[in-house]
Amino acid sequence: MSLLAEQKGRSPAAGDRPPASGVTPRMRPWTPYAFLAPYLALFAVFMLLPIGFGFWTSLHEWDINLPDKPFVGLDNYTELFDPASVDGSRFWTAMRATGIFTVASVPLLIVLPLLVALLMNGRFAGRNVYRAVYFAPYVLGVAVVGFVWQFLLDGNIGLVNHYLGLNVQWTTDVPPAWVALVGVTVWWTLGLNSVIFLAGLQDIPRELHEAAMVDGASAWHRFRAVTLPGLRPVTVFVVNATILASANMFGQSYLITRGAPADQTKTAIYLIAETGLRQFDMGTASAMSFILAAFLMAASALVFGAFRDRSGR
């Protein structure tokens with residue numbers, strides 16, 4: 001009796017108490033899908049449907065000014081892969097320009113932001129002002145950046161030539177035009193990558209650096225053995241995002257060089273916009289877009305493969 005009374009007098013544990021309503025909560029099978037439904041609906045409307053419609057357009061001779069849009073199958077794609085065709089030669093010239101810009105800009109947009117982030121991660125007076133100065137250009141729109149640098153780099157009245165004592169046609173000659181486009185892009189977007197690297201640096205446990213210092217590691221060895229491995233996930237994101245952004249460069253070329261000289265700085269996105277919106281050939285423009293997308297997916301796969309953690313092998 002005493003044991004029974006003791007058990008009756010014992011208050012139930014928090015986990016044993018039934019809900020106040022007296023009904024045990026139970027998740028319905030469709031509950032996760034109800035939460036996913038808004039996102040899936042937006043993804044389908046704004047991503048899947050445009051991609052599907054774009055591919056359907058690429059299979060037609062699609063002139064937006066004409067009522068008839070005949071089905072041509074893969075003719076738009078085969079024509080682009082034919083170097084003897086007009087569209088094919090223009091497209092691969094634009095792809096070459098895209099490759100030159102990407103190869104020239106991506107290393108600078110990885111190394112320089114990392115160096116800036118290492119400096120911003122230190123403790124010194126005016127650190128916040130220093131961070132703001134490097135990030136400030138990124139808040140400007142591409143139209144502002146393009147128009148300002150178009151005047152600064154003008155070969156006749158530009159301030160760059162005036163103050164440097166040069167006579168270089170930065171917007172109409174190559175390679176000066178590539179130097180101008182890459183330089184402007186690095187100046188404009190360096191702050192974003194620096195902030196991302198800074199967040200990665202601050203996420204590395206300080207104890208790892210302290211342990212390396214106790215072991216007598218120099219600053220360079222700590223950078224190689226602690227900082228770089230700790231930045232691997234951030235570096236994968238920055239490299240991949242920078243490649244995609246550089247390969248989709250349009251505004252700088254359109255506003256600063258206008259594709260000059262002789263379309264040598266006209267990128268693939270520039271040509272796609274011109275083909276679809278000026279020449280009204282949406283079928284060919286859509287085919288160009290899908291070929292460019294295939295190259296970018298292959299580049300992303302290479303990046304993930306290159307940065308894959310092989311320590312488990």
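Nothing fancy with the numbering, it's 1 onward along the sequence.
A single hydrophobic cluster is seen to contain both Met47 and Tyr39, as judged by linkage of ILVMFWY side chains at heavy-atom distances under 4.5 Å, directly or through other members. Following chains of ILVMFWY side-chain contacts shorter than 4.5 Å, one can reach Val239 starting from Val195, so the two form part of one hydrophobic cluster. Each of Leu181 and Tyr254 belongs to its own hydrophobic cluster when Ile, Leu, Val, Met, Phe, Trp and Tyr are linked at side-chain heavy-atom distances under 4.5 angstrom.
Counted within 6.0 Å of CZ on Arg224, heavy atoms from surrounding residues, nucleotides or ligands total 12 or fewer; the atom is thus considered open. The neighbour count for Glu274 CD, taken as heavy atoms of other residues, nucleotides or ligands under 6.0 Å away, is above 12. More than 12 heavy atoms of other residues, nucleotides or ligands shown are found within 6.0 angstrom of CZ on Phe71. By the 6.0 Å contact criterion, CG on Asn167 is open, its count of non-hydrogen atoms from other residues, nucleotides or ligands being 12 or less. Around the OH atom of Tyr138, the shell of radius 6.0 Å holds no more than 12 heavy atoms that belong to other residues, nucleotides or ligands.
In this structure, a donor-acceptor pair under 3.5 Å is absent between the side chains of Thr185 and Ser105. For Asp281 and Thr284, the side-chain atoms include at least one donor-acceptor pair closer than 3.5 Å. The closest side-chain donor-acceptor pair between Thr265 and Thr257 falls under 3.5 angstrom. A donor and an acceptor atom, one from each side chain of Thr93 and Asp263, are nowhere located under 3.5 Å apart.
Aromatic ring centres of Trp220 and Phe223: separated by under 6.0 Å. The aromatic ring centres of Tyr130 and Tyr134 sit less than 6.0 Å apart. Here Trp149 and Trp188 keep their ring centres 6.0 angstrom or further from each other.
Listed by chain and residue number, Asp63, Phe280 satisfy the side-chain contact (heavy atoms from CB on, under 4.5 Å) test with Asn65 (two or more places apart in sequence, or in another chain). Applying the side-chain contact (heavy atoms from CB on, under 4.5 Å) criterion to Phe35, with sequence neighbours excluded, gives Thr31.
Note that the CG atom of Leu59 and the CG atom of Asn76 stand 8.0 Å from one another [nearest 0.5 Å]. Interatomic distance, CE of Met120 versus CG of Leu115, reported as 11.0 Å (0.5 Å rounding). Distance check, rounded to the nearest 0.5 Å: CG of Leu296 to CD1 of Ile291 gives 12.0 Å.
Minimum interatomic distance between Gln264 and Ala97 (heavy atoms only, all atoms of both residues): O-CB, 3.4 Å. Considering every non-hydrogen atom in both Val45 and Pro50, the closest pair reads O-CD, 3.2 Å.
Phe290 and Phe55 have perpendicular rings, their planes meeting at more than 60° on a 0 to 90° scale where under 30° would count as parallel. The aromatic rings of Phe81 and Trp92 lie tilted to each other, with the angle between the two planes from 30° to 60°.
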